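Hydrogens, waters and symmetry mates play no part in the numbers below; they use all other heavy atoms, side chains included. Just so we're on the same page: letters track the sequence lines, and every chain starts at 1. Not measured: the values here are computed from a predicted model.
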There are 2 protein chains.
Amino acid sequence: MTRYLEIADRLAAELDGSAPGTRVASEPELASRFGVGRAAARSALQELERRLLVRRVQGAGTFVNSRIDYVISGSRPPSWHTTVEAAGGTPRTVLKSVDRVGLPEAEAARLGRQPGTPAHHVVRTRYINSLLTGWGEEWIPVDVVPDLDLGLHAVDSVDLVLRQMGRVSPVRAWCRVSLELPPPRVLRELEVEPSTPVYLIESLSKDETTGAGLMCSGAWTRADAVRVIVEMSETITHEEER
Amino acid sequence: MTRYLEIADRLAAELDGSAPGTRVASEPELASRFGVGRAAARSALQELERRLLVRRVQGAGTFVNSRIDYVISGSRPPSWHTTVEAAGGTPRTVLKSVDRVGLPEAEAARLGRQPGTPAHHVVRTRYINSLLTGWGEEWIPVDVVPDLDLGLHAVDSVDLVLRQMGRVSPVRAWCRVSLELPPPRVLRELEVEPSTPVYLIESLSKDETTGAGLMCSGAWTRADAVRVIVEMSETITHEEER
DNA sequence: GAGCATTTGTCCGTATGTATT
DNA sequence: CAATACATACGGACAAATGCT
């Protein structure tokens with residue numbers, strides 16, 4: 001019945017299988033093609049954007065979107081770079097800052113330390129194909145690795161730096177994933193609209209042998225760029241499902 | 001600079017703390033109040049809807065929305081009804097159908113059975129405060145509980161029926177959560193727009209002692225009604241984080 | 001850097017359709 | 001049935017970002 005949904009469905013079918021980044025017809029083009037006003041053509045493209053099928057950029061145009069699957073699992077734990085590359089994308093991580101701070105209360109509790117314990121505070125952004133898709137911070141007590149910054153400028157992976165310079169074996173001990181709307185800070189850092197859904201991935205790493213807390217992190221990721229899938233493989237205590 | 005975002009932010013601040021279900025000013029009211037056209041007032045309300053702060057119903061109005069947190073965790077496993085009630089909501093589960101079918105391939109693999117094995121196929125919908133928020137299906141091999149339908153009409157909980165009539169102890173063995181856009185089937189069942197984000201929660205229950213697959217399920221839940229949080233507490237194998 | 005065309009973003013006024021109350 | 005409220009659509013206008021000359 002509604003014209004713009006017909007157009008959206010039609011376009012969705014046409015775009016199915018197109019390569020990511022392919023250009024989609026502009027609003028005026030669609031308007032003349034389907035014999036509607038610009039408003040209806042615009043609504044159709046916006047509908048496709050809500051369905052995460054396209055990405056729209058003011059001044060540039062509308063382009064086919066694609067999401068990569070990021071599986072967080074106990075049994076099959078792929079790294080970020082590997083995941084993105086396997087999906088045919090180009091990953092990039094940018095180190096924004098490395099500070100030396102006292103541990104905030106929440107992070108201290110997770111790491112099993114006293115609040116105020118000296119720690120490295122690492123802030124990094126993540127890109128897929130030059131598109132800013134993630135922002136996150138990591139806390140590592142300084143006694144784990146005294147001069148983390150030296151290693152971080154040479155190697156990209158915090159994990160690797162911990163293993164080589166800290167001589168520890170970090171394993172993921174706890175992880176929590178939820179879908180949120182970005183708080184003001186993340187809004188600015190990720191340069192997104194307030195209505196863009198983002199995943200919050202919180203994580204804690206402990207030493208494999210001693211069990212001591214080594215690192216905890218919080219990472220925000222755009223849901224229109226990544227599809228996070230959480231798999232719990234272990235047998236878990238009973239849940240009454242009704 | 002943009003007028004409608006100013007209005008949206010203003011309204012968001014005003015609505016903060018309002019009781020869920022509270023009525024929000026209509027488009028014409030907002031238009032005259034802020035001295036803008038109906039288009040700008042409408043955009044502001046749509047922005048709030050994208051932020052999941054309000055719910056809009058044609059013919060009725062715009063109302064304050066609220067999401068309940070549903071935590072899927074190993075350490076603290078609450079039931080659906082308990083979770084909703086703890087959040088101050090009224091949960092309801094409606095049994096749509098109970099069929100006897102042969103197990104499809106995917107479900108058979110999960111349950112460790114042969115495809116085509118006779119099984120109960122249970123379809124149910126879930127409501128929060130009379131709002132349709134979830135739709136899901138469950139598969140239970142008939143040899144686990146021969147006459148499941150009898151029990152299901154008396155008790156709401158599949159888990160309880162399995163314990164009482166099947167004399168087994170189901171525990172969650174595997175669980176997978178992802179955020180999706182609803183496929184056509186779910187679109188119809190949940191009566192939502194194609195752009196409404198929904199969670200897909202897949203789950204497998206095994207017997208606590210024998211380890212035999214008892215039940216597997218797939219449940220779709222509206223993300224504007226529920227915020228799913230997944231917690232992995234167990235120590236998981238190493239993941240290289242970069 | 002300046003200028004220009006293209007494209008999306010915002011906004012107006014108006015009208016009609018459709019669902020709810 | 002009538003009033004209300006949201007949904008769709010038109011035509012027109014200007015703003016803002018992008019990409020190219």
Enumerate the protein-to-nucleotides 19-21 of chain C contacts in which both atoms are nitrogen or oxygen and the separation is below 3.5 Å.
none

Quick one: is B:Thr2 getting a side-chain N or O under 4.0 Å of the C:dC11 phosphate, OP1 or OP2? no

A:Arg55 near the nucleic acid: base, sugar-phosphate alone, or nothing, with a heavy-atom cut-off under 4.0 Å? nothing

Whole-Å distance, B:Glu27 CD to C:dC11 P, equals 14 Å

A:Leu45 atom CG is separated from C:dT7 atom P, nearest whole Å, by 12 Å

query = Is A:Glu14 salt-bridged to A:Arg10, going by a charged N under 4.0 Å from an acidic O?
reply = yes

Going by atom types only, do B:Arg172 and B:Ser203 share a side-chain donor-acceptor pair under 3.5 Å?
yes

message: With a 4.0 Å cut-off on N to O distance, would you call A:Glu137 and A:Arg124 a salt bridge?
response: no

Note to self: Just to be sure I understand the rule, does A:Arg3 reach a base, reach only the sugar-phosphate, or reach nothing, if contact means heavy atoms closer than 4.0 Å?
What the structure shows: sugar-phosphate

| said: Does this structure show an ion pair linking A:Arg42 with A:Glu27, if we count only N-O contacts that are shorter than 4.0 Å? | reply: yes

Atom CZ of B:Arg42 and atom C1' of C:dG17 are separated, to the nearest Å, by 12 Å

*Ion pair check, B:Glu193 and A:Arg50, cut-off under 4.0 Å*: no

note: A:Tyr4, atom OH; C:dT16, atom C1'; distance rounded to Å ~ 16 Å

When B:Glu193 and B:Gly61 are each assigned the nearest nucleotide of DNA chain D, the 5'-most assignment goes to B:Gly61

| Would you call A:Glu6 and A:Arg3 a salt bridge, taking side-chain N to carboxylate O under 4.0 Å as the test? | yes

Would you call A:Arg56 and A:Glu49 a salt bridge, taking side-chain N to carboxylate O under 4.0 Å as the test? no

Q.
Do the side chains of A:Asp224 and A:Arg67 get close enough for a salt bridge, i.e. N-O under 4.0 angstrom?
A. no

Checklist entry - Regarding A:Arg92 and the six-membered ring of A:Tyr127, is the cationic atom NZ or CZ under 6.0 Å from the ring centre and inside 45° of its axis? => result yes

Span of DNA chain D engaged by chain A, first through last nucleotide within the 4.0 Å heavy-atom cut-off, is D:dT8 to D:dT18

Any base atoms under 4.0 Å from A:Ser43, or only sugar-phosphate, or nothing? Heavy atoms, all strands.
nothing

In whole angstroms, the gap separating P of C:dT6 from CG of A:Leu30 amounts to 16 Å

Atom CZ of A:Arg38 and atom C1' of C:dT7 are separated, to the nearest Å, by 8 Å

